[in-house]
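The block underneath contains the structure these notes are about, expressed in structure tokens.
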Amino acid sequence: MDKKRIVIFASGNGTNAENIIKYFQDSELAEVVLVLANSENAKVLERAKNLNVSTTTFTKAELFLPDGIIKKLISAQPDLIVLAGFLLKFPQNIITEFPHKIINIHPALLPKYGGKGMYGQKVHETVIANKELETGITIHYVNENYDEGAIIFQKTVPVLTSDTAESVAKKVHSLEYEWFPKVIEGLLKKEQ
Ligand code: GAR
């Protein structure tokens, strides 16, 4: 059987993207076929190239054009589109074209600490400021609103009084590295 095709969108560093690419490098089930980034300076591009995965960059305008990124995606024939640290709102035409095939990871326990402007370090700083006792990760389907699609998976981690935004970020990243590839694998297996 042909391998399932994973396409990743990322905006910056791309450690999750790299982790997912590596996880599926020896997989018989799936492979990452394309990484898309909305900045030519995104570190994720270098990470993908080093692992021999094709990359594409685009502007915000191209993301929303009816014959922009959506055309590239259709020709990439993805079984799953994964947003891994992707910070722009996702266009409705792409969501409609790929129903139930687009997922996102968020570094908190949604519905808490989601929405516009809530990403990366900002999330962890707010968790610390609010003296939360736990935080975690949420993997969810993408719909037209930031961080509001149906939840697929959550995992929690305690926040200690000694924790800082930086230490929480580390804990959350560890959860992401452990669970995101496994959840992707589970979704693709279900499809078979
Ligand atoms: C990850 O922690 C991801 O959950 C978060 O950005 C980080 C990207 O790290 N995403 C969001 O905040 C989306 N709202 P990475 O570039 O090293 O993978």
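In listed order, ligands and their atoms are each counted from 1. Along the sequence shown, residues are numbered consecutively beginning with 1.
Set against the non-hydrogen atoms of Asn13, the atoms of ligand 1 under 4.0 Å away are 16 (O), 17 (O). Distances below 4.0 Å separate heavy atoms of Ile105 from the following atoms of ligand 1: 4 (O), 10 (N), 13 (C). Interface of Gly85 with ligand 1, defined as ligand atoms under 4.0 Å from a residue heavy atom, comprises 6 (O), 8 (C), 10 (N). Distances below 4.0 Å separate heavy atoms of Met118 from the following atoms of ligand 1: 14 (N).
Nearest protein heavy-atom contact of atom 9 (O) of ligand 1 is His173 NE2, 3.3 Å. Looking at atom 17 (O) of ligand 1, its nearest protein heavy atom turns out to be Thr15 OG1, 2.5 Å. Of the protein's heavy atoms, Pro107 CD, 3.5 Å lies nearest to atom 11 (C) of ligand 1.
Between Gly14 and ligand 1, a contact under 3.5 Å exists for at least one N or O pair. Of the N or O atoms in Tyr119, none lie within a sub-3.5 Å distance of an N or O in ligand 1. The shortest N or O to N or O distance between Gly120 and ligand 1 is under 3.5 Å. Residue Asp147 has no nitrogen or oxygen atom sitting less than 3.5 Å from a nitrogen or oxygen atom of ligand 1, judged on distance alone. Between Asn104 and ligand 1, no N or O atom pair is found at a separation short of 3.5 Å.
Lys22 has a carboxylate O that lies under 4.0 Å from a charged side-chain N of Glu18, or vice versa, which qualifies the two as a salt bridge.
Here the side chain of Lys171 pairs a donor or acceptor atom with the backbone of Pro158 at under 3.5 angstrom. Side-chain N or O atoms of Asp147 include one that pairs as donor or acceptor with a backbone N or O of Gly115 at under 3.5 Å. Within the 3.5 Å criterion, the main-chain N or O of Glu134 finds no donor-acceptor partner in the side chain of Thr156. Within the 3.5 Å criterion, the main-chain N or O of Asn143 finds no donor-acceptor partner in the side chain of Glu148.
Proximity of Arg47 to Thr15: side-chain heavy atoms (C-beta onward) are separated by under 4.5 Å at one or more points. Side-chain contact between Phe9 and Ile69: present, with at least one pair of heavy atoms (C-beta onward) separated by less than 4.5 Å. Side-chain contact between Ile184 and Ile139 is absent, with no heavy atoms from C-beta onward closer than 4.5 Å. In this structure the side chain of Lys112 never reaches within 4.5 angstrom of the side chain of Thr135, judged on heavy atoms. No side-chain heavy atom of Asn19 sits under 4.5 Å from any side-chain heavy atom of Phe180.
For Lys43, the heavy-atom gap to ligand 1 stays at 4.0 angstrom or more. At a 4.0 Å cut-off, not a single heavy atom of Val123 sits close enough to ligand 1 to count as contact.
Residue His106 holds the heavy atom nearest to atom 14 (N) of ligand 1 of all those in Lys122, Glu176, His106.
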